[in-house]
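Heads up: the structure comes next, in structure tokens.
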Amino acid sequence: MSILVIAEHDNNEIKGATLNAVAAAQAIGSDVDILVAGANCSAAADAAAKIAGINKVLVADNAAYEFMLAENVAPLVAELAANYGHVLVAATTNGKNVIPRVGALLDVQPISDISAVISEDTFQRPFYAGNIVATVQSSDSIKVMTVRTTAFDPVAEEGGSATIEAVSAVHDAGVSEYKGEEVAKSDRPELTAADVIVSGGRGMQNGENFELLYKVADKLGAAVGASRAAVDAGFVPNEMQVGQTGKIVAPGLYIAVGISGAIQHLAGMKDSKVIVAINKDEDAPIFQVADYGLVADLFKALPELDAAL
Amino acid sequence: MKILVAVKRVADYNVKVRAKSDNTGPDLANVKMAINPFCEIAVEEAVRLKEKGIATEIVVVSIGPQAAQEQVRTALALGADRGILITTDTDLESLAVAKCLKAVCDNENPDIVLLGKQAIDGDNNHTGQMLGALTGWAQATFASELNIDGDSATVVREVDAGLQTIQIKLPAIVTADLRLNEPRYASLPNIMKAKKKTIDSTTPADLGVDVAPRTTLLKAEPPAERQAGIKVEDVAELVDKLKNEAKVIS
Ligand SMILES: Cc1cc2nc3c(=O)[nH]c(=O)nc-3n(C[C@H](O)[C@H](O)[C@H](O)COP(=O)(O)OP(=O)(O)OC[C@H]3O[C@@H](n4cnc5c(N)ncnc54)[C@H](O)[C@@H]3O)c2cc1C
Ligand SMILES: Nc1ncnc2c1ncn2[C@@H]1O[C@H](COP(=O)(O)O)[C@@H](O)[C@H]1O
């Protein structure tokens with residue numbers, strides 16, 4: 001049976017997370033199609049057709065799909081799923097919003113955040129804040145899953161030449177409406193795409209002090225993240241939260257500054273290749289996962305780091 | 001307006017739950033249990049809607065072992081009016097939970113169902129969305145702000161890019177994110193009052209719900225442990241290590 005991957009896109013470009021989801025799909029089987037559901041999304045569909053190893057791109061181009069509202073997109077996916085053995089999407093907020101609704105429409109049990117493919121029906125996924133890895137076997141005829149992007153290396157963005165096929169089905173439940181978005185524009189890389197991340201916690205004390213992190217981040221070409229405490233306190237916006245219930249990241253280098261290392265924070269970053277912790281408390285749990293720990297006052301260490309880079 | 005809130009009994013968030021040594025599942029022996037933190041936020045939101053005069057009744061429901069009655073009581077102490085406990089001996093999958101909640105919706109006809117966005121044990125992030133499919137109602141997941149206006153609601157959602165605002169028709173499903181509110185502590189008088197509130201008990205079978213599992217947990221193992229690292233003396237040593245040992249900066 002072939003595999004359907006739902007693309008994460010903005011109608012113009014395919015988001016990087018899609019490439020990780022395709023990689024997971026290709027670990028299951030070789031016959032992989034992509035669904036681009038959106039409005040005026042032909043540019044995104046063209047981009048999807050170039051992804052390495054894709055068989056076919058299905059394009060559902062309708063105003064009802066513009067903002068990936070689950071009430072409209074889930075019935076579309078459920079309808080298309082009849083032709084597939086697996087439906088996958090990256091575990092982005094869009095993916096997490098839509099996939100369970102698809103699962104219930106199909107009367108199947110979705111599987112969240114798969115981190116490895118063991119066989120066509122058996123997958124691994126972390127639960128309990130990543131403190132346990134479950135191996136789960138599904139008996140459902142269609143497997144509906146989200147993919148932990150950090151667990152699968154992305155496939156090549158270019159090199160494929162899939163056929164593009166229009167899907168005419170329109171589902172407009174008419175029960176929800178997109179009103180707007182508040183998005184902070186930044187020249188720094190996205191958290192989930194960055195190779196280096198510098199994160200700040202409650203120890204930063206306020207939003208202005210995050211400037212100290214931004215300076216270091218800019219020297220390293222890094223993205224900036226945060227703990228829940230820093231977001232809750234209003235130092236930085238919610239999209240910067242790393243953790244069990246925020247973004248899951250695994251960059252080459254993660255620098256945690258003024259972050260204690262709660263279970264929930266570790267769940268979002270402990271698969272990073274190299275972890276650095278800067279904390280004035282030598283007993284902070286973050287040091288248990290850090291490759292390099294510096295016991296220091298961050299207000300002294302960050303300017304020094306900035307100067308040394 | 002009637003609000004239904006779904007609360008789950010889970011291991012307390014301060015506990016690092018480990019796999020059993022025989023790898024058959026999580027080791028929950030002697031682990032402190034609590035109401036799932038996101039569910040607590042959902043309850044708080046319902047109580048605030050009642051305090052604002054928008055909600056008239058708050059019904060709280062939990063599906064789990066008999067002991068989940070404690071979490072229903074907690075919600076009653078926070079301000080819910082009455083409880084429903086659906087008892088099962090096995091851990092139900094989210095599909096089965098959503099079907100139980102659908103059956104409760106059919107009986108109770110709520111205007112809003114509030115859930116947590118995620119239970120911190122299974123880390124599924126499923127149930128609200130699945131209940132949305134089963135009821136055919138609108139869903140607003142990851143809510144950080146909820147405003148009711150007649151027969152619709154405006155919800156601000158925490159999404160990857162920032163904050164998204166949607167408007168949904170009621171009845172609807174709303175799942176709580178961390179910034180929706182800061183839950184209160186139950187006062188002693190309210191804890192006492194909660195003891196007198198009604199909790200109706202039922203079972204999935206009584207509700208006509210098939211809870212047969214669709215997945216099998218073959219193994220539950222600890223994740224790969226990280227090698228212990230070292231402490232560096234100062235920033236100069238740190239930069240040197242990152243450049244020359246880890247080779248992650250140039
Ligand atoms: C349901 C739920 C979900 C959650 N999800 C997440 C999540 O996704 N992500 C997340 O991060 N958390 C999450 N949390 C919160 C988590 O439990 C912790 O409360 C949080 O991670 C703590 O953030 P922190 O480390 O910044 O703050 P704290 O724990 O207060 O630590 C601050 C640290 O800064 C250090 N410090 C202070 N001043 C200085 C200084 N001048 N120089 C150097 N060091 C200094 C201190 O020594 C301390 O170690 C969640 C909690 C719950 C209940
Ligand atoms: N057994 C349960 N009983 C009551 N509510 C539940 C149960 N399981 C999940 N929920 C609700 O669904 C939310 C999301 O859980 P989950 O989909 O398991 O991550 C929780 O925060 C609860 O509001």
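None of the values given here were measured: they were computed from a predicted structure. Every heavy atom of this structure was used, including side-chain atoms; hydrogens, water molecules and symmetry mates were not.
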Heavy-atom count check: over 12 atoms from other residues, nucleotides or ligands less than 6.0 Å from [X] [atom1]?
X        : atom1 : answer
A/Glu190 : CD    : no
B/Lys169 : NZ    : no
A/Glu182 : CD    : no
B/Asp89  : CG    : no

Where on [X] is there a heavy atom nearer than 4.5 Å to chain A: the side chain, the backbone, both, or neither?
X        : result
B/Ala98  : neither
B/Glu233 : backbone
B/Leu238 : side chain
B/Val10  : neither
B/Ile249 : side chain
B/Val239 : side chain
B/Arg18  : backbone

Any idea which heavy atoms bring [X] and [Y] closest together, and the distance?
X        : Y        : answer
B/Asp160 : A/Lys247 : O-NZ, 2.6 Å
A/Arg125 : B/Asp123 : NH2-O, 3.2 Å
B/Gln139 : A/Glu71  : N-OE2, 2.7 Å
A/Asn131 : B/Pro223 : O-CD, 3.1 Å
B/Gln118 : A/Gln244 : NE2-O, 3.6 Å
A/Ser176 : B/Ile168 : CB-CG2, 3.7 Å

A/Asp232 side-chain N/O to B/Arg179 backbone N/O, donor-acceptor pair under 3.5 Å: no
Quiz item: cation-pi between B/Lys231 and A/Phe287, 6.0 Å / 45°: yes
Distance in Å, [X] [atom1] paired with [Y] [atom2], rounded so as to fall on 0.5 Å steps:
X        : Y        : atom1 : atom2 : answer
B/Met130 : A/Leu105 : CE    : CG    : 9.0 Å
A/Ser112 : B/Asn124 : OG    : CG    : 5.0 Å
A/Ile263 : B/Tyr13  : CD1   : OH    : 9.5 Å
A/Lys96  : B/Phe142 : NZ    : CZ    : 6.0 Å
B/Asp177 : A/Thr245 : CG    : OG1   : 6.5 Å
B/Asp121 : A/Tyr128 : CG    : OH    : 4.5 Å

Salt bridge (charged side-chain N to carboxylate O under 4.0 Å, His left out) between A/Lys300 and B/Asp234, intermediate numbers included: CA-CA 10 Å; A/Lys300 184 167 167 283; B/Asp234 51 27; over 6 Å; no
Pair A/Lys179-B/Gln164, side-chain contact (heavy atoms from CB on, under 4.5 Å): steps then yes or no: CA-CA 8 Å; A/Lys179 289 291 183 184; B/Gln164 181 194 71; over 6 Å; no
So for [X], is it side chain, backbone, both, or neither that comes closer than 4.5 Å to the heavy atoms of chain B?
X        : answer
A/Thr122 : side chain
A/Leu69  : side chain
A/Leu294 : both
A/Ile99  : neither
A/Ala296 : neither
A/Pro237 : neither
A/Ala301 : both

Determine the option with the most heavy-atom pairs under 4.5 angstrom with chain B, choosing from [options].
options                                : answer
A/Asp140, A/Asp271, A/Val183           : A/Asp140
A/Asp107, A/Ile275, A/Val102, A/Val98  : A/Asp107
A/Ala104, A/Gly293, A/Ala277, A/Ala308 : A/Gly293
A/Asp195, A/Asp113, A/Val276           : A/Val276

Among [options], which residue has the highest count of heavy-atom pairs closer than 4.5 Å to chain A?
options                               : value
B/Val17, B/Leu170, B/Val156, B/Thr175 : B/Val17
B/Lys117, B/Gln227, B/Lys219          : B/Lys219
B/Ala220, B/Gly162, B/Ser152          : B/Gly162
B/Ala119, B/Gly122, B/Gly136, B/Ala11 : B/Gly122
B/Ile166, B/Asn14, B/Ile120, B/Val235 : B/Val235
B/Leu134, B/Ile230, B/Val15, B/Thr127 : B/Ile230

Determine whether [X] and [Y] make a side-chain contact, defined as any pair of heavy atoms from C-beta on separated by less than 4.5 Å.
X        : Y        : value
B/Leu178 : A/Gln241 : yes
A/Thr93  : B/Glu158 : no
A/Val136 : B/Thr216 : no
B/Val248 : A/Val196 : no
B/Leu242 : A/Val274 : yes

Test log, rule side-chain contact (heavy atoms from CB on, under 4.5 Å), inputs B/Val159 and A/Asn94: CA-CA 8 Å; B/Val159 295; A/Asn94 272 329; over 6 Å; no
Steps toward salt bridge (charged side-chain N to carboxylate O under 4.0 Å, His left out) verdict (B/Arg226, A/Asp291): CA-CA 9 Å; B/Arg226 285 190 78 91; A/Asp291 299 284; 2.8 Å; yes
Is it the case that the side chains of [Y] and [X] hold a donor-acceptor pair, with the cut-off being a distance below 3.5 Å and no angle test?
X        : Y        : value
A/Gln137 : B/Arg214 : no
A/Asn97  : B/Gln129 : no
B/Gln167 : A/Tyr178 : no

Contacts with chain A made by residues 22-30 of chain B (heavy-atom distance under 4.5 Å), listed by residue number: B/Pro26, B/Leu28
